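Here's the structure, in structure tokens; my notes come after.
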Amino acid sequence: GEDVEQSLFLSVREGDSSVINCTYTDSSSTYLYWYKQEPGAGLQLLTYIFSNMDMKQDQRLTVLLNKKDKHLSLRIADTQTGDSAIYFCAERVGGFKTIFGAGTRLFVKA
Amino acid sequence: GAVVSQHPSWVICKSGTSVKIECRSLDFQATTMFWYRQFPKQSLMLMATSNEGSKATYEQGVEKDKFLINHASLTLSTLTVTSAHPEDSSFYICSASRRQAESTDTQYFGPGTRLTVL
């Protein structure tokens, strides 16, 4: 079946790195995404990685993909209080269908 | 670029009435639009996918007669919740997709509409 799982909560200190993990089940996924959702708002695409890549870096964001273990992670370097939000992992499983995880709530302590 | 808007941002209605939510792609043509529903502290649940000019494809368990979707143009899709009941109260989010040169087919999300049915 199609399922995306992620831990529900992460707390870090300002300036530290945050690592949010995600596992997925569908081996046919083409793209994997990380979205950010702030309170009362829609989702903002942060970054994505194609399934034949194993790493992508974009400024403070680093995405690592272990396709064998179906594990995706998002590392945020130098985490700031403005990074506090819910982060959703998602996979494109075919056509336009995208499966979302339940979201990881990141709390950044000043 | 790639801005998606929704209107209204929040709506309160009486049980039994119908509510229409609009989703617009402001600066691009959306070949496909999606409607999601999000419950508190939960993920997004895809309700339906619509392509301009054709009927929407609904996900299993979503009542097409209750959630009417119209995608009349490449920049506008509407979701009408008919005969709304309190259990329809939720956060409804739309997204739109366009073809890009690198073809990620990325979805761009609207800010969401909070529906409360009394």
Side-chain angles (χ1 to χ4, degrees), chain A residues 1-10 20 22-26 28-53 56 58 63 65 72 85-107, chain B residues 1-10 21 23-26 30-52 56-60 71 90-100 102-116:
Chain A
E2 302 157 343
D3 194 21
V4 177
E5 294 190 356
Q6 35 183 145
S7 53
L8 295 182
F9 184 79
L10 176 65
I20 303 172
C22 168
T23 58
Y24 60 96
T25 57
D26 196 314
S28 66
S29 58
T30 53
Y31 292 97
L32 295 120
Y33 305 90
W34 284 103
Y35 288 90
K36 178 183 180 181
Q37 185 182 34
E38 297 187 9
L43 273 68
Q44 171 197 356
L45 177 66
L46 283 180
T47 187
Y48 65 90
I49 189 168
F50 189 47
S51 59
N52 70 352
M53 298 167 65
K56 181 177 181 180
D58 184 0
V63 179
L65 173 61
L72 182 74
I86 302 174
Y87 290 82
F88 290 94
C89 168
E91 62 166 339
R92 171 75 59 79
V93 296
F96 277 109
K97 189 169 184 180
T98 304
I99 307 297
F100 289 82
T104 298
R105 189 176 296 272
L106 175 63
F107 179 68
Chain B
V3 177
V4 176
S5 70
Q6 283 183 239
H7 177 80
S9 54
W10 58 271
I21 303 169
C23 175
R24 291 182 187 272
S25 55
L26 298 185
T31 56
T32 307
M33 285 186 166
F34 307 84
W35 286 97
Y36 293 86
R37 184 173 177 179
Q38 186 181 29
F39 294 98
K41 297 184 180 179
Q42 293 189 31
S43 186
L44 282 70
M45 180 192 80
L46 178 64
M47 299 174 67
T49 303
S50 73
N51 291 296
E52 184 261 341
T57 302
Y58 289 81
E59 293 297 304
Q60 192 172 8
H71 191 163
S90 192
F91 194 53
Y92 292 87
I93 303 176
C94 76
S95 70
S97 186
R98 61 176 179 181
R99 295 287 175 185
Q100 295 177 339
E102 58 193 283
S103 195
T104 65
D105 293 326
T106 301
Q107 295 180 45
Y108 299 95
F109 285 81
T113 296
R114 185 162 299 284
L115 169 63
T116 302

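What you see is a predicted model, and the numbers here were worked out from it, not measured in a lab. Within every chain, numbering begins at 1; the chains are lettered A, B, ... in the order of the sequence lines, protein sequences first and strands thereafter.
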Check your understanding: A:Leu43 versus chain B, heavy atoms under 4.5 Å apart: side chain, backbone, both or neither?
Key -> both
Study note, to complete from the structure: Sorted by chain and residue number, the side-chain contact (heavy atoms from CB on, under 4.5 Å) partners of B:Arg24 (sequence neighbours excluded) come out as B:Ser5, B:Glu22, B:Leu26, B:Leu76
Review point. Is the backbone of B:Asn51 close enough, under 3.5 Å, to the side chain of B:Thr32 for a donor and an acceptor to pair up by distance?
Key: no
Check your understanding: Only one of A:Tyr48, A:Tyr33, A:Tyr31 forms a side-chain hydrogen bond (donor to acceptor under 3.5 Å, both in side chains) with A:Arg92, so which one is it?
Key -> A:Tyr33
Review point. Taking B:Tyr36 as the fixed residue, which of B:Phe91, B:Phe109, B:Tyr92 is the one that meets the ring-ring contact (aromatic ring centres under 6.0 Å, His included) rule?
Key: B:Phe109
Study note, to complete from the structure: Cut-off 4.5 Å, heavy atoms of chain B, and the answer for A:Tyr35 is side chain
Exercise for review: Please flag which part of B:Gln6 lies under 4.5 Å from any non-hydrogen atom of chain A: side chain, backbone, both or neither.
Suggested key: neither
Exercise for review: Please flag which part of A:Phe88 lies under 4.5 Å from any non-hydrogen atom of chain B: side chain, backbone, both or neither.
Suggested key: side chain
Point to revise | chain B contact via A:Gln37 - side chain, backbone, both or neither, heavy atoms under 4.5 Å | key: side chain
Check your understanding: Got a second to check how far A:Phe50's CZ is from A:Thr30's OG1, nearest 0.5 Å?
Key -> 6.5 Å
